[in-house]
Novice: 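One structure follows; several queries about it will come next.
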Amino acid sequence: MPKNKKPAGGRAAKNFEPRYAAKTSYQDRKRRPGESSAGKAGSKSPNHRGYRAEQAESAPKRRWSAQEKAGRDEARAIRSQDRARRDDRGRYEDRPRRDDRARYEDRPRRDDRPRQDERRYEDRARRDDRPRRDERPRYEDRPRRDDRGRYEDRPRRDDRPRQDERRYEDRARRDDRPRRDERPRYEDRPRRDDRGRYEDRARRDERPRRDDRPRRGDGPSRADWTAKPGATRAHDEHVDVVHERLQARAIQADEVSGTTFADLGLGQNIVRTLADMGAETPFPIQAATVGPILDGADVLARGRTGSGKTIAFGAPLVESILRAQAGKKREFGRAPRALILAPTRELALQIDRTIQPIARSVGLFTTQIYGGVPQARQVGALKKGVDIVIGTPGRIEDLHEQGKLDLSEIRVAVLDEADHMCELGFLEPVQRILRLTEDGSQKLLFSATLDREVAALVDEFLVEPAVYEVAGEDQDSGTIDHRVLVIDHRQKPDILTSLVDREGKTLVFARTRAYAEMLSEQFEDAGVPALALHGDLNQAKRTRNLEKLTSGKVRVLVATDVAARGIHVDDIDLVVQADAPDEYKTYLHRSGRTGRAGRAGTVVTLVTRQRRRRMAELLDRAEIDAPFEDAAVGDDVLEELSGRQVDPTAG
DNA sequence: AAAAAAC
């Protein structure tokens, strides 16, 4: 394949230069240890091979000590290893041809120059011809570090706002920047007043309070949880902060039934590709958001897990970019026009798998930009030019800082799992990235759990955003059967093994990487093939293990919350939470790995007696009804949940 | 507190 040859040739060509440069290090070999490190303060400990007594610094030239010889031999050994390694790089064929070199006869005669190993120190340029060692500025006399521009004296950082401290208020005023009017105005759309506008959302106090609704048990009220956002309990326990829900314009499912993707404004090629992917007619969330996105509005959308959010933003995004590019040539090395940010690499990869075919159907290119894999391919794609970048914040910032990713022409930016992207650790990189996009770029925020947590981004980046959701589509109305097993802690391993020993695909969630790893090994040992998915694995393994679950080569995957959000595997029919989640949102996302696109699924959460109440509170916040039942090893409930036949004669 | 996210 010429494709393979090209990079190889390129590498060889590149190596050509450094090999000549390598001569320098060959010359280095003539140096003796004493000189090469002249002036440097040797090791202070007498037993160290680099040890040089203080007075050696100024002492007259003398013979090599045994110690120095040993040091020299060792240095030689290291250098010859280096040489061997060098040889591994440049291929023999690529090295300078023999004919290019001076012919043997023409080279200095053997006798004219000492052989490498015979060359003696004395044969080198005479001391007198060179600056004498003692005449050279001594290390001590060289400009002191302190004499150079001191860090403190350099232009103060404080003179300009630090990147992460730069506040929205300090930025160019909106009015000073290109007007948003260049985009199709959202106002021109019909039914504008029907929208739940962000600004108009019902104020907290005006809405029915959550505690007015039927509650399970007597846990702290929602008001208690939200009264002081971020407040901590007496001990260092994590607090499941419940953010105010955004009021949305609820799309009635029947309101959009009968609508087609074409009706929504998508072009023929895209519609056909969607159909090929199995999306014949739009899901409600898609019917709700495609129009506004095509109109250029900033959109917040909440759609139940597995409700088709990726297409809801992906298809109109491709259509928008296509329209904006209309009539323009596809330039080599063009800057990307759309950016999709995701919280995990797996999710970024998966989004690309959905969007790439849609984009390609109209001649647009996508690329994944995420960490854990070599940059070269990603940079190569960017050099050729892509239209849509899909990735995770770290690598995107990295490539931007390296000048390899130009974000200045991004006109549509999407945050998938937007509320998660607003959490500690994600928010700031996301803000920095969004600030790099084109002024007035369209922002789309999607999540199954979209709440006021995204306020930090909404207030800075979104203009008159509308919130959409599908009426009656909260998590509890879905196709998922929620169960809580109250167990004895000591039986947990056996109960887990019993649950996962089944036919269907099972996703097990563990709180830590170590426990996820441990559980997968435990299942293996018990004869249930299982793999792990967590951040301690290299990306190749992560990708492979998830793929093995998708393809069915393994039916049990034990994961940390890296797999909690967005990951779509068609037919996971059981989710087991080996550790109960800390946050109601985590519960919703984890459980959303099953019951995708209307399928049935079961979520089993294991809790100990002590955690019972906390779990009840969490489920209350998640607005999920789940029966609690005691379970022990061998109980029928384990058989039932795992889908194994319960023996009717067993009583 | 853990997990994720860059080399």
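Below, all heavy atoms of this structure are taken into account, side chains as well, without hydrogens, waters or symmetry copies. Source: prediction; values computed, not measured. Just so we're on the same page: letters track the sequence lines, and every chain starts at 1.
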Novice: What is the distance, to the nearest angstrom, from the NE2 atom on A:H420 to the C1' atom on B:dA5?
Specialist: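 Going from A:H420 (NE2) to B:dA5 (C1'), I get 9 Å.
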
Novice: What distance separates A:R542 CZ from A:L531 CG, expressed to the nearest 0.5 Å?
Specialist: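 Here the rounded value is 14.5 Å.
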
Novice: According to a strict under-4.0 Å criterion, is A:T560 in side-chain N/O contact with OP1 or OP2 of B:dA4?
Specialist: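 So the side chain of A:T560 is within the cut-off, an N or O lying under 4.0 Å from OP1 or OP2 of B:dA4.
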
Novice: Looking at A:R593, A:R502, A:R555, A:K505, which hits salt bridge (charged side-chain N to carboxylate O under 4.0 Å, His left out) with A:D573?
Specialist: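 Exactly one candidate clears the test, A:R502.
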
Novice: OP1 or OP2 of B:dA3 less than 4.0 angstrom from a side-chain nitrogen or oxygen of A:R565, does that happen here?
Specialist: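 No, because none of the side-chain N or O atoms of A:R565 sits under 4.0 Å from OP1 or OP2 of B:dA3.
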
Novice: Which value, rounded to the nearest 0.5 Å, describes the distance between A:F509 atom CZ and A:S591 atom OG?
Specialist: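 Going from the CZ atom of A:F509 to the OG atom of A:S591 covers 9.0 Å.
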
Novice: Need one value for A:G425: base, sugar-phosphate or nothing, where a base atom within 4.0 Å counts as base even if backbone is also close, heavy atoms only.
Specialist: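 Base, at least one base atom sits under 4.0 Å.
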
Novice: Roughly, in whole Å, what's the span from CG in A:D536 to P in B:dA3?
Specialist: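 Rounding to the nearest Å, CG of A:D536 and P of B:dA3 are 8 Å apart.
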
Novice: So, is A:R345 close to the B:dA6 phosphate, meaning a side-chain N or O under 4.0 Å from OP1 or OP2?
Specialist: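 The answer is yes; a side-chain N or O of A:R345 sits under 4.0 Å from OP1 or OP2.
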
Novice: Should A:T392 be listed as having a side-chain N or O under 4.0 Å from OP1 or OP2 of B:dA6?
Specialist: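 The answer is yes; a side-chain N or O of A:T392 sits under 4.0 Å from OP1 or OP2.
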
Novice: Using a 4.0 Å heavy-atom cut-off, does A:D398 contact any base of the nucleic acid, only the sugar-phosphate backbone, or nothing at all?
Specialist: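 Contact class for A:D398: base.
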
Novice: When all nucleic acid strands are considered with a 4.0 Å heavy-atom cut-off, which category describes A:R542: base, sugar-phosphate, or nothing?
Specialist: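 Since only primed, P, OP1 and OP2 atoms lie under 4.0 Å of A:R542, the category is sugar-phosphate.
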
Novice: Nearest to the side chain of A:T512, which nucleotide is it out of B:dA1, B:dA3, B:dA4?
Specialist: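 Closest nucleotide among those given: B:dA3.
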
Novice: With distance as the sole criterion, is a donor-acceptor pair present between the side chains of A:H400 and A:D398 under 3.5 Å?
Specialist: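 Judged by distance alone, the side chains do not pair up.
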
Novice: Remember a base hit wins even if backbone is also touched, and classify A:H534 as base, sugar-phosphate or nothing at under 4.0 Å, heavy atoms.
Specialist: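 Sugar-phosphate, backbone atoms only, no base.
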
Novice: How close or far is atom P of B:dA6 from atom NZ of A:K404, stated in whole angstroms?
Specialist: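 Answer to the nearest Å: 15 Å.
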
